[in-house]
Amino acid sequence: MAQTKGRFEVHDLGNFKLHVYYTNDVMADASYIVEGKDSLVTMEHPLFKDNVAEFDSYINKLGKPVEKIISDYHVGGTGSHDQIMAEGMDTFSKGPVYGGMMKHFEEMWGDSMTEMPTGVVTEVPFGTTQTWAGMTFEFRCGATSDFPAASILIGGKAYYTHWTPAKAHVSHLQVSSPAAIDAEIAEAENSLASGATLFAGGHGGAATRDAVEFKIAYLKKMKDLLEENKTAQAFVDAMKEAYPGLPGESGLEELSKALYK
């Protein structure tokens, strides 16, 4: 299938396939299709019109009906179709924090963004397991420092959360305070304990267990360096020394500003 902007990769997890759509948009968003035997569940539809068209075209070519649409951390181009959200996320997405963020995006990118969804939202309680397209979707509370959305364990094999674990420096948007370091460590440890073999996120696509293990060790090291260094610049220097050449180094300045406010 030809793509003009994003790209797709497919992970065969035995009784289902997880299709990952890397949008290549400015936020490195990723969208997902869970393919069961007879139907599909789509997750985190793209935000920009060109990506929406590409994603929808790919879905149509799979030739199976969409049973459910999940908007977890990201509201996107689901049009007038009904969608699933974790409890509390619908109200939050229309509130000043998320709603304000979306208005800012509209000011920045204007007509390139898709129209906001108009379909009916059904909320799923945390701690429950739903079955769609023959797959189980276990809705767990996400990181306490993040949006009130869910970490979702799919088919016992794929663990979805807001940020894909990566062997790279974290963004200040992910770790925005010292407390967020502990919250992210706890969530990463929960994901490892889930028994999943694939770890996916709304930013960054899919990764394997070694990336989660790296993230935990990295965040623990960051916590130590935060305690040892009294200024933002000293922290940046220490992080560069601890992880020479690690991708994302240019973001350390913004990260330090968030941690040393």
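The structure displayed is predicted, hence computed values, not measured ones.
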Check whether Phe48 forms a cation-pi arrangement with Lys5 (NZ or CZ under 6.0 Å from the six-membered ring centre, at most 45° off the ring normal).
yes
[X]-[Y] co-clustered via ILVMFWY side chain contacts under 4.5 Å:
X: Met116; Y: Val52; result: no
X: Ile69; Y: Val75; result: no
X: Val34; Y: Leu13; result: yes
X: Leu198; Y: Tyr21; result: no
X: Met135; Y: Leu153; result: no

Aromatic ring proximity [X]/[Y], centre distance under 6.0 Å:
X: Tyr218; Y: His169; answer: yes
X: His81; Y: His45; answer: no
X: Phe126; Y: Phe139; answer: no

Would you say [X]'s side chain and [Y]'s backbone share a donor-acceptor pair under 3.5 angstrom?
X: Thr23; Y: Asp29; value: yes
X: Ser176; Y: Leu173; value: no
X: Glu67; Y: Leu40; value: no
X: Asn229; Y: Thr231; value: no
X: Ser256; Y: Glu253; value: yes
X: Tyr98; Y: Tyr73; value: yes
X: Ser57; Y: Glu54; value: no
X: Tyr32; Y: Gly201; value: yes
X: Glu44; Y: His74; value: yes
X: Thr164; Y: Gly205; value: yes

Check whether any side-chain heavy atom of [X] lies under 4.5 Å from a side-chain heavy atom of [Y], and answer yes or no.
X: His172; Y: Leu259; value: no
X: Met108; Y: Glu106; value: no
X: His203; Y: His162; value: yes
X: Phe137; Y: Val124; value: no
X: Val41; Y: Ile84; value: no
X: Lys240; Y: Leu246; value: no
X: Ser71; Y: Thr78; value: yes
X: Met239; Y: Glu249; value: no

[X] with [Y]: basic N within carboxylate O range, under 4.0 Å:
X: Arg140; Y: Glu187; value: no
X: Asp82; Y: Lys68; value: no
X: Arg7; Y: Glu9; value: yes
X: Asp90; Y: Lys94; value: yes
X: Glu254; Y: Lys257; value: yes
X: Glu35; Y: Lys64; value: yes
X: Lys215; Y: Glu184; value: yes

Quick one, Glu189 with Lys220, criterion salt bridge (Lys or Arg N to Asp or Glu O under 4.0 Å). Give me CA distance, side-chain angles, the key distance, then yes/no.
CA-CA 12 Å; Glu189 290 176 340; Lys220 288 181 177 179; 3.5 Å; yes
Nearest heavy-atom pair of [X] and [Y]: which atoms, and what distance?
X: Asn51; Y: Gly6; value: ND2-N, 4.5 Å
X: Ala211; Y: Pro165; value: CB-O, 3.6 Å
X: Val175; Y: Ala180; value: CA-CB, 4.1 Å
X: Pro148; Y: Ala86; value: O-CB, 4.4 Å
X: Ala217; Y: Tyr243; value: O-OH, 3.9 Å
X: Thr114; Y: Gly77; value: CG2-CA, 3.6 Å

Heavy-atom count around Lys221 NZ within 6.0 Å, excluding the residue itself: above 12?
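It does not: Lys221 NZ has 12 such atoms or fewer within range.
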Residue pair Asn190, Tyr159: steps toward the side chain to side chain contact (heavy atoms under 4.5 Å, CB included) verdict:
CA-CA 10 Å; Asn190 287 340; Tyr159 195 95; 4.3 Å; yes
Working to the nearest 0.5 angstrom, can you tell me the gap between [X] [atom1] and [Y] [atom2]?
X: Thr161; Y: Asp72; atom1: OG1; atom2: CG; answer: 7.5 Å
X: Ser31; Y: Ile59; atom1: OG; atom2: CD1; answer: 8.5 Å
X: Phe214; Y: Lys167; atom1: CZ; atom2: NZ; answer: 7.5 Å
X: Asp237; Y: Leu225; atom1: CG; atom2: CG; answer: 11.0 Å
X: Leu62; Y: Thr42; atom1: CG; atom2: OG1; answer: 11.0 Å
X: Phe16; Y: His11; atom1: CZ; atom2: NE2; answer: 11.0 Å

Carefully, step by step, assess His19 and Tyr58 under the rule ring-ring contact (aromatic ring centres under 6.0 Å, His included).
CA-CA 10 Å; His19 301 252; Tyr58 185 92; 5.5 Å; yes
Give the intermediate values and the outcome of side chain to side chain contact (heavy atoms under 4.5 Å, CB included) for residues Phe199 and Ser191.
CA-CA 8 Å; Phe199 301 83; Ser191 72; 3.9 Å; yes
For Ile152 and Glu138, run side chain to side chain contact (heavy atoms under 4.5 Å, CB included): C-alpha distance rounded to whole Å, both residues' side-chain angles, the deciding distance at 0.1 Å, then the answer.
CA-CA 5 Å; Ile152 306 174; Glu138 183 182 331; 5.9 Å; no
Do Phe147 and Phe92 pass the ring-ring contact (aromatic ring centres under 6.0 Å, His included) test, and can you show the C-alpha distance, the side-chain angles, and the key distance before you say yes or no?
CA-CA 8 Å; Phe147 299 156; Phe92 180 78; 5.4 Å; yes
Set out, in order, the CA-CA distance, both residues' side-chain angles and the distance that settles side chain to side chain contact (heavy atoms under 4.5 Å, CB included) for Leu47 and Met27, then state yes or no.
CA-CA 10 Å; Leu47 187 60; Met27 293 174 287; 3.8 Å; yes
Students often mix this up, so state it plainly: with edges at 30° and 60°, are the rings of Phe235 and Tyr260 parallel, tilted or perpendicular?
tilted
